[in-house]
Every structure is written in C-alpha cells, then in structure tokens.
Amino acid sequence: VIKVNPTAEIATTLNDVVICQGSTVSAQLFTSNILDASKVSYEWSNDNPNIGLSISGQNGVPSFQADNKVGVRTFANITVTPKYLSGALNCTGTSKTYKITVDPKPVFTVITPAPICEEGNYTFSVSNNISGLQPSTSTVTFYSDRACTSPVTTEAPTQTTTYYVRAKSDQGCLSDVQEIVLGVNQKPILNSQLTPSVCSGERFEYTATSQLSGVAYAWSRATVIGIDNSAGSGNGAVIRETLINSPNAPIDVVYVITL
C-alpha cells in the first residue's frame, strides 16, 4: 500500500502592496487547501531586503516598517512556497508571488530666512526656504503649527517665531516635518528726554537713546524763520548746537531723529 500525500496549494489571495517609506506594512498570513493547517508550512523569500524586510522567513511574513534607500520608487517580490509535511517527506506546492512597492518620502533642506524688522512681513516659498527637494515634483506647504493643520503664506510676526514645513510627493507620501525659525528684530523707540528750552546763543547738547543697544542714529534740522542758523544734520546719538534767535519771541525748532 502506498500512501499518496496531497500537495499544499496557497488559498490566500496575495495582493500587491503599495506603501510610503516609513509606513508599516501589515503582516501577511497564509492559508492552504489542506484541512489540517498543522501539516502545512510556508517558506517565503524577498528579492530586495532594502525595503526593510529580511531576505527570507517561514510561515507568515511579519509586519515591518517600509524603507526606501534609493530615493525613487523601489520594488520587492515576495515569493511564498507551501509544503505539506508528512514525517521526513515534504510535498512542495506551487509558489505564489506578490509585489511590495515602496515610494520614497520627500526630503529637503530648510533655508533659514534672514530676520525681518518688527511690523514687516515675510512670504514663505520653495525658492526662498527650500533646497534639494526630492522628488522635485513634491508639493511643499508651510504651517504655523507642528501638527500641520494651519497653512501660511505671508506672515507678519511681532517676535521671533517658529514655523513648520512639510512636503507631499505625487504618490501621497509625506516628508518629515521641519522647523523654520523666522527672526524678528525689534523696532527701536526713542526714549531719551527732550530739552524743553534753551537760550539763544547758548550751546546745548542732546543725547538720543532707545530701549535697544547698538542702534545707529541720524538727525536733521530744517531752516527755521527767525533762527539765524542754516539747516543742519549729522550722524550719531549726540546733537551739539548753538542756536541764534533774532526776534524777540520764543521759536520752536524741530529736530528729526532717525533710528
């Protein structure tokens, strides 16, 4: 009497997988035509371990994080072979293959913008803030929040502010979120006390100050009727002048100070 063992055949429908780099590929389990599942084993092989899956294994293919080391769409063929187990005799069935496609997530380098002045505005754009974008056809969006729910284009922050940027490929893969710090230089404000009045022919001195250090000052004074002095101007925080009043009445002289 000869016992003829059956041949195991894979009953599971093996669907191709298309996924983005960094996403999790679900585990793939197998079933066969053999009623006693304990008598069937499966051996699988992977022809491209660069996707993040080992080169071979037994029984189900485990879940794994998809990887892409080449920056372009990459493929792996997973071949599964069933075997009917009967003591030392293994009856090999027909192999089946399915494909895993891993699309790359976009990558880029952030260009940090030069600081703007308080009350100024800044427009975010790929040309201003992004270099080395791959894939180059990816869509780039700037946000005011790390969760990337509030897109921005032109902003007028009153203080140094952190913004965020993320790219999306044509295949729908998202890049890592990166920060963009937009510096804001505070506007200097003149806070020195004014000289209320001076006498004609008496030298006076006024020193301009502000709430910020390192501020450059310039001043100018127009010609005033009744004041003998011609128009004056200068650079620096200190104004030193002797004004001559010809009439017999007080005259206001205006200095314009630029910070």
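The residues of the chain are indexed from 1 along the displayed sequence.
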Determine whether [X] and [Y] make a side-chain contact, defined as any pair of heavy atoms from C-beta on separated by less than 4.5 Å.
X      : Y      : value
Gln28  : Tyr98  : yes
Ile10  : Pro82  : yes
Pro135 : Pro106 : yes
Pro113 : Tyr122 : yes
Val184 : Gln186 : no
Ile244 : Asn229 : yes
Thr74  : Thr101 : no

Inset, instruction - Any chance you could lay out the ring-ring contact (aromatic ring centres under 6.0 Å, His included) test for Tyr164 and Tyr143, step after step, and finish with the verdict? - result: CA-CA 5 Å; Tyr164 304 89; Tyr143 300 91; 8.8 Å; no
Output yes when a side-chain donor or acceptor of [X] lies under 3.5 Å from a complementary backbone atom of [Y], and no otherwise.
X      : Y      : answer
Asp47  : Ala76  : no
Ser125 : Asn128 : yes
Arg166 : Ala147 : no
Gln65  : Gly22  : yes
Glu9   : Thr94  : yes
Asn90  : Leu85  : no
Ser200 : Asn245 : yes
Glu118 : Lys187 : yes
Asn46  : Ser54  : yes
Asn77  : Lys99  : no

Please determine whether residues [X] and [Y] belong to a single hydrophobic cluster, defined as Ile, Leu, Val, Met, Phe, Trp and Tyr linked transitively by side-chain heavy-atom distances below 4.5 Å.
X      : Y      : result
Val152 : Ile130 : yes
Phe64  : Val17  : yes
Val102 : Leu14  : yes
Val110 : Ile116 : yes

Legend entry - Step-by-step side chain to side chain contact (heavy atoms under 4.5 Å, CB included) determination, Ser41 to Asn59: CA-CA 6 Å; Ser41 70; Asn59 297 318; 3.9 Å; yes
Between atom [atom1] of [X] and atom [atom2] of [Y], what is the distance when rounded to the nearest 0.5 Å?
X      : Y      : atom1 : atom2 : value
Asp36  : Tyr84  : CG    : OH    : 7.0 Å
Glu43  : Gln58  : CD    : CD    : 5.5 Å
Thr123 : Asn129 : OG1   : CG    : 9.5 Å
Lys96  : Thr12  : NZ    : OG1   : 7.5 Å
Thr160 : Leu182 : OG1   : CG    : 7.5 Å
Ile78  : Ser45  : CD1   : OG    : 7.5 Å

How close do [X] and [Y] get, heavy atom to heavy atom, and via which atoms?
X      : Y      : value
Ser150 : Asp145 : N-OD1, 3.0 Å
Tyr42  : Thr31  : OH-C, 3.2 Å
Thr7   : Gly93  : CG2-CA, 3.4 Å
Thr141 : Pro151 : CG2-CB, 4.1 Å

Inset, instruction - Please lay out, stage by stage, how Val25 and Leu53 fare under the test side chain to side chain contact (heavy atoms under 4.5 Å, CB included). - result: CA-CA 10 Å; Val25 180; Leu53 177 66; over 6 Å; no
Inset, instruction - Assess whether side chain to side chain donor-acceptor pair (under 3.5 Å) is satisfied between Asn191 and Thr209, documenting all intermediate values. - result: CA-CA 6 Å; Asn191 60 11; Thr209 61; 2.8 Å; yes
Inset, instruction - Might you confirm whether atom CD1 of Ile225 has over 12 heavy atoms from other residues, nucleotides or ligands at distances under 6.0 Å? - result: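 Not more than 12 within 6.0 Å, no.
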Inset, instruction - Check the surroundings of atom CD in Glu205: do more than 12 heavy atoms from other residues, nucleotides or ligands lie under 6.0 Å from it? - result: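 Yes, the 6.0 Å shell around CD holds more than 12 heavy atoms from other groups.
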Inset, instruction - Take Val61 and Phe30 through the side chain to side chain contact (heavy atoms under 4.5 Å, CB included) test and state the conclusion after the steps. - result: CA-CA 9 Å; Val61 177; Phe30 308 110; 3.9 Å; yes
Inset, instruction - Start with the C-alpha gap between Asp228 and Ser246, add the side-chain angles, then the distance that decides, and say whether side chain to side chain donor-acceptor pair (under 3.5 Å) holds. - result: CA-CA 7 Å; Asp228 292 349; Ser246 295; 2.4 Å; yes
Legend entry - Ser95 side chain to Thr81 side chain, donor-acceptor N/O pair below 3.5 angstrom: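 Their side chains do contain a donor-acceptor pair, which is all the 3.5 Å distance test asks for.
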Legend entry - Residues that, via side-chain heavy atoms closer than 4.5 angstrom, fall in one hydrophobic cluster with Phe204: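 Direct or chained contacts put Phe204 with Leu190, Leu194, Val198, Tyr206, Leu212, Val215, Tyr217, Trp219, Val224, Ile227, Ile239, Leu243, Ile251, Val253, Tyr255, Ile257, Leu259.
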Inset, instruction - Give the C-alpha distance, both sets of side-chain angles, the deciding distance and a yes or no for side chain to side chain contact (heavy atoms under 4.5 Å, CB included) between Ile100 and Asn48. - result: CA-CA 10 Å; Ile100 298 177; Asn48 183 7; over 6 Å; no
Legend entry - Carboxylate-amine/guanidinium proximity below 4.0 Å for Glu241 and Arg203: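 Judged by the 4.0 Å cut-off on N to carboxylate O distance, Glu241 and Arg203 do not form a salt bridge.
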Legend entry - Pairing of Arg73 and Asp103 as salt bridge, 4.0 angstrom limit: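 Asp103 and Arg73: salt-bridged.
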Give the table of side-chain donor-acceptor pairs shorter than 3.5 Å for residues 168-181, with sequence neighbours excluded, one pair per line with atom names and distance.
unit_1	atom_1	unit_2	atom_2	d
Ser169	OG	Gln171	N	3.3
Ser169	OG	Gly172	N	3.4
Ser169	OG	Cys173	N	3.0
Asp170	OD2	Thr137	OG1	2.8
Ser175	OG	Ala167	N	2.8
Asp176	OD1	Lys105	NZ	3.0
Asp176	OD2	Lys105	NZ	3.4
Gln178	NE2	Phe108	O	3.0
Glu179	OE2	Arg146	NH2	2.5

